[in-house]
Amino acid sequence: MIQIMNWFSMAIGLIPLNRQESQSNVVLDYAMMSLVPVFYLGCYFLINLRHVFGLCFLDSCNSVCRLSNTLFMHLGAFLYLTVTLMSLYRRKEFFLQFDERLNAIDAVIQKCRRVAEMDRVKVTAVKHSVAYHFTWLFLFCVFAFALYYDIRALYLTFGNYAFIPFMVSSFPYLAGSIIQGEFIYHVSVISQRFEQINTLFEKINQEARHRHAPLTVFDIESEGKKQERKNLTPATAMDARTATFGNEQKLSGEMKRQTPQKNEEDEMDTSNDEDEDDFDYDNATIAENTGNTSEANLPDLFKLHDKILSLSVITNREFGPQCVPYMAACFVVSIFGIFLETKVNFIVSGKSRLLDYVTYLYVIWSFTTMVVAYIVLRLCCNANNHSKQSAMIVHEIMQKKPAFMLSNDLFYNKMKSFTLQFLHWEGYFQFNGIGLFALDYTFIFSTVSAATSYLIVLLQFDMTAILRNEGLMS
């Protein structure tokens, strides 16, 4: 599905033709991205300056139909021109940079999966793939219905010239939605990479939970005591070692006296347990016979997490500004769609074909844009949650105090630095629309609150006098 969307995006001039090739012809790459906006502006000025092929200039279009169609057309012009200008800026550079970083991340993930022996785990990927393709199929059906309705109604009105009003009615919203589809794809790729490294983190967590952690002997002296020992004279050091040796003899004698006698079965069990781990009591270290373990991936996983977060930053920098005009258009179309449906269509439905067409066009595109906006918010929330889950799993590993962490300060320091760094990163970045709003579920609540305030005002207008003057009411 993503390949179909990319081909369609190239056909209507939203992305360069050879976006993944750095040495291609610039004129050929950006040809469609220049021709399609010029053609759109030609249709837009032909309707507004020459007053031909415009729905609002037909005699059968009343004042309500004219106002609604004019608002829909100008709002679409704002959306399309804004999105197109932002698409021309740094578009090909973004694709090259994104693919380069993603390939580097995938190479490290494959190496970590081989170390963790997880090459055969594919159940999660299959489940995610089904939901992924179902989402794209649903979006395809919604857009197919919206385009079919608009093209059919315009063809009945303008015949073979229906493509001219179509370019200024539904085409801008289609182009804006496809750009958001590109954003959805890139965010879903980022979310998948977070899920993959979370699986590797969870593998380490399970090993820390189920693996038998042997007894570890530590040197718990502080640096100050070690430095103090270095400053001792030979005579004082000899006296200290003699006193320590005497205390250790007393302690070992007391422990032997209090230890109960074990039977033969306990001794055999103890011998079996001792075979699992090798102890070096002279050096006070542990050497486990565990072979190839997955905690060796921790340094690479921490670097991968940082790389994926940086990939999220450049993706939000590219598509975040384009979310602002799209969310604004979705907001306005949804409010006027509810207004026209409740105050006009419920009263004079079926009296004017053009008025019914414009009213249903608002309803259809308000639903379509809201579905796209919801998927954008949902995937951005999923990506943020998966990134937070990584820090939670690492913190859970630290609480269990596994043997590999206690026997090596490097693992503990890296895990502590990772959780602290993510705590600062969480306050620094999340997917947003150039800082105006956060792309999460709180945006839905704030949008519904604002829409309710506007609808309270709009629904108080009495449309009966206007509809009676237009001859739609008796």
Side-chain angles (χ1 to χ4, degrees), residues 1-2 5 98 102 105 124-125 127-139 142 176-199 201-202 304-331 334 366-396 419 421-451:
M1 296 298 295
I2 185 61
M5 186 183 69
F98 186 89
L102 187 64
I105 290 172
T124 305
K127 290 183 179 180
H128 183 79
S129 179
V130 172
Y132 176 81
H133 290 293
F134 177 78
T135 302
W136 283 109
L137 182 61
F138 175 74
L139 284 177
V142 169
S177 299
I178 291 177
I179 289 294
Q180 297 306 307
E182 294 281 348
F183 187 31
I184 290 171
Y185 165 71
H186 287 85
V187 174
S188 66
V189 169
I190 293 172
S191 181
Q192 288 177 12
R193 299 313 182 270
F194 276 127
E195 284 185 278
Q196 291 178 4
I197 66 173
N198 286 340
T199 304
F201 276 128
E202 189 61 37
L304 278 175
H305 197 273
D306 292 339
K307 290 181 180 179
I308 299 176
L309 285 176
S310 64
L311 199 64
S312 303
V313 172
I314 66 171
T315 302
N316 183 79
R317 189 189 308 154
E318 176 68 24
F319 292 100
Q322 297 174 340
C323 286
V324 177
Y326 188 82
M327 296 299 179
C330 175
F331 181 79
S334 300
S366 63
F367 174 76
T368 305
T369 53
M370 283 192 293
V371 169
V372 175
Y374 170 74
I375 295 177
V376 170
L377 299 178
R378 178 182 175 182
L379 288 178
C380 290
C381 285
N382 288 342
N384 287 328
N385 292 335
H386 289 318
S387 64
K388 295 177 183 178
Q389 186 181 2
S390 302
M392 296 298 295
I393 297 175
V394 172
H395 192 71
E396 184 178 352
T419 54
Q421 179 185 1
F422 184 78
L423 184 64
H424 294 291
W425 183 273
E426 185 180 2
Y428 167 72
F429 170 77
Q430 66 179 132
F431 290 101
N432 61 86
I434 59 175
L436 296 177
F437 49 83
L439 294 175
D440 53 14
Y441 290 130
T442 59
F443 179 75
I444 298 178
F445 176 77
S446 59
T447 304
V448 171
S449 301

Legend entry - Derivation and outcome, side chain to side chain contact (heavy atoms under 4.5 Å, CB included), residues F183 and L439: CA-CA 12 Å; F183 187 31; L439 294 175; 3.7 Å; yes

Legend entry - Between CG on residue N384 and CZ on residue F429, distance to nearest 0.5 Å: 7.0 Å

Inset, instruction - Give the ring-plane orientation class for F319 versus H186, where under 30° counts as parallel, over 60° as perpendicular and anything between as tilted. - result: tilted

Inset, instruction - Could you list the residues that satisfy side chain to side chain donor-acceptor pair (under 3.5 Å) with T442, not counting sequence neighbours? - result: D440

Legend entry - Between CG on residue L311 and CG on residue D306, distance to nearest 0.5 Å: 12.5 Å

Inset, instruction - Give, for atom CG of L304 and atom CD of Q196, the distance between the pair rounded to the nearest 0.5 Å. - result: 9.5 Å

Legend entry - Heavy-atom donor-acceptor pair, H386 side chain to Q192 backbone, under 3.5 Å: no

Inset, instruction - Could you tell me the separation between the OG1 atom of T315 and the CZ atom of F98, rounded to the nearest 0.5 Å? - result: 4.5 Å

Inset, instruction - Evaluate the side chain to side chain contact (heavy atoms under 4.5 Å, CB included) criterion for residues V187 and F431: first the C-alpha distance (whole Å), next the side-chain angles of each, then the deciding distance (0.1 Å), finally the verdict. - result: CA-CA 10 Å; V187 174; F431 290 101; 4.2 Å; yes

Legend entry - Straight-line distance of H395 NE2 to S390 OG, nearest 0.5 Å: 14.5 Å

Inset, instruction - Nearest 0.5 Å please: distance from the CD atom of Q389 over to the CZ atom of F194. - result: 11.0 Å

Inset, instruction - Take R193 and L102 through the side chain to side chain contact (heavy atoms under 4.5 Å, CB included) test and state the conclusion after the steps. - result: CA-CA 9 Å; R193 299 313 182 270; L102 187 64; 3.5 Å; yes

Inset, instruction - Verify side chain to side chain contact (heavy atoms under 4.5 Å, CB included) between S387 and I308, making sure each step is shown before the conclusion. - result: CA-CA 9 Å; S387 64; I308 299 176; over 6 Å; no

Legend entry - Expected output: side-chain N316 to main-chain N432 donor-acceptor under 3.5 Å: yes

Which donor-acceptor pairs under 3.5 Å do the side chains of residues 367-381 make with protein atoms, sequence neighbours left out?
{"residue": "T368", "atom": "OG1", "partner": "I364", "partner atom": "O", "Å": "2.8"}
{"residue": "T369", "atom": "OG1", "partner": "W365", "partner atom": "O", "Å": "2.7"}
{"residue": "T369", "atom": "OG1", "partner": "S366", "partner atom": "O", "Å": "3.1"}

